[in-house]
There are 2 protein chains.
Amino acid sequence: MQVQVISSVNEASSARFHHKTAIIIDVLRATSTIITAIAAGALCVIPAETVMEARALQRPGDLLGGERFCRKIAGFDLGNSPDEYTEQVVAGRRVVLTTTNGTRAIHKAMRADHVLTASILNAEACARTAIELRRDVVILCAGSHDEFAIEDGLCAGLVLDKLHTISGVGLEMDDFGTAMLALYRHRSTLIRETITNGMTGKRLLKLGMKRDIEACSSVDIYQVVPRLNGDLLMRA
Amino acid sequence: MQVQVISSVNEASSARFHHKTAIIIDVLRATSTIITAIAAGALCVIPAETVMEARALQRPGDLLGGERFCRKIAGFDLGNSPDEYTEQVVAGRRVVLTTTNGTRAIHKAMRADHVLTASILNAEACARTAIELRRDVVILCAGSHDEFAIEDGLCAGLVLDKLHTISGVGLEMDDFGTAMLALYRHRSTLIRETITNGMTGKRLLKLGMKRDIEACSSVDIYQVVPRLNGDLLMRA
């Protein structure tokens, strides 16, 4: 299995996803929130690139969620904190979600044969699903402000580690993948610290969102792997 | 001291180097060759972006060196293998050098207050010089084929590790720098293996250039730090 890792959404061209399984990672916080919402029983998450598009996609009964500048959008039901997406709130509902980088990354990968979303919360389940899909893999780290974000690279390394363990064969990785696997293996016992000390982690701390970092740092607490089905992210 | 790391020459905009000390890294092989040439007594190395520019810059007595597609350029005196740049060949001579990526990276950084070249061969000396120059630092990994190359990231991590040790204070790194430091610390006892197994390493092996990889993998065998002075790289 060949695996390539892209360092930020800025670096992603649609052509790289052809005939591949794409794994989208935005640990802080889009994919963590999407996974939490689906695990809590949301019917689906609909990624929207803009606030206007999100409003246009909303049908009666749908929840509107998302952020701009890390904050909830005016008039939206929910922000981008995983903790908001509880069973009581989202079970049986569709969620339209727009975030600065994560939803943009999902749209970038739409030409892939399969699009999965991963975070620290479901890395092993995502690796397992990717192996079952029998395609080469492109992991897209969403990043932040058009730059590499360490929490996404760390998660890419975690997924690579799981792909390696589960497949039982050598992965053919590109150089950036090799570097991210080394990053993860060097920091595997310091997941939360690494995320907290990254640029986005520091920004969230300043905004009083420490709890969000905690909610995004627990390894493999979910088995769900949200997968793109048309325009909807649903349980794989 | 703030330190940023840029993953490939493609990612580098001139503006990022303003008021900074730039450290250019192209382990396989441009900066390793430049350092070897200066250590062997070359008067200076003149980086040229194109073959035509290299020929135009050549004055009587100058050596012409460089590569395209990893091979020596027709009519040039020298290729891009460090081993060719011996004292017998280069002592007291000027060398005009053009390579696919490395010399392009040097030109990208020309707006920096200071431009230094680093490789595995002189990482500690380069870190020491950068600290003496009392500017924030931007490390530019040249990369290969417009992509991140693991040997350059590994060397960036090595330089960061030395900056950290020598300065004795915490560095303010960006997320990519933090990742490269982790990469280096995870692989610090496997430098040659990591370089050999990277994309460029494999390409050189196929071309029968194993000796070049060895010549570029020895940690801190040189104290020279080639530094840009006008258009010339000279002993700092």
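Just so we're on the same page: letters track the sequence lines, and every chain starts at 1.
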Subject >> Structural part of B:M180 lying under 4.5 Å from a heavy atom of chain A >> reply: side chain

Subject >> N-O pairing of B:R128 and B:E132 below 4.0 Å >> reply: no

Original post:
Taking only heavy atoms into account, what residues of residues 142-167 of chain B are found under 4.5 Å from chain A?
Top reply: B:E147, B:F148, B:A149, B:I150, B:E151

Subject >> Where B:Y85 and B:G65 come nearest, the two heavy atoms and their spacing >> reply: OH-CA, 3.5 Å

Subject >> B:V138, B:L228, B:I106 screened by side chain to side chain contact (heavy atoms under 4.5 Å, CB included) with B:I24, the one that passes >> reply: B:I106

Subject >> B:D113 with B:R135: basic N within carboxylate O range, under 4.0 Å >> reply: yes

Subject >> Residue part contacting chain A, namely of B:R185, when any heavy atom lies under 4.5 Å >> reply: both

Original post:
Take atom CZ in A:R71; do more than 12 heavy atoms of anything else shown fall under 6.0 Å from it?
Top reply: no

**OP:** Please determine which of A:D26, A:T99, A:T100, A:T33 meets the side-chain hydrogen bond (donor to acceptor under 3.5 Å, both in side chains) test together with A:N80.
**Re:** A:T33

Original post:
Of the options A:I34, A:T103, A:T98, which is the one that meets A:P47 in a side chain to side chain contact (heavy atoms under 4.5 Å, CB included)?
Top reply: A:T103

**OP:** Can you tell which part of B:D174 gets under 4.5 Å to a heavy atom of chain A, answering side chain, backbone, both or neither?
**Re:** both

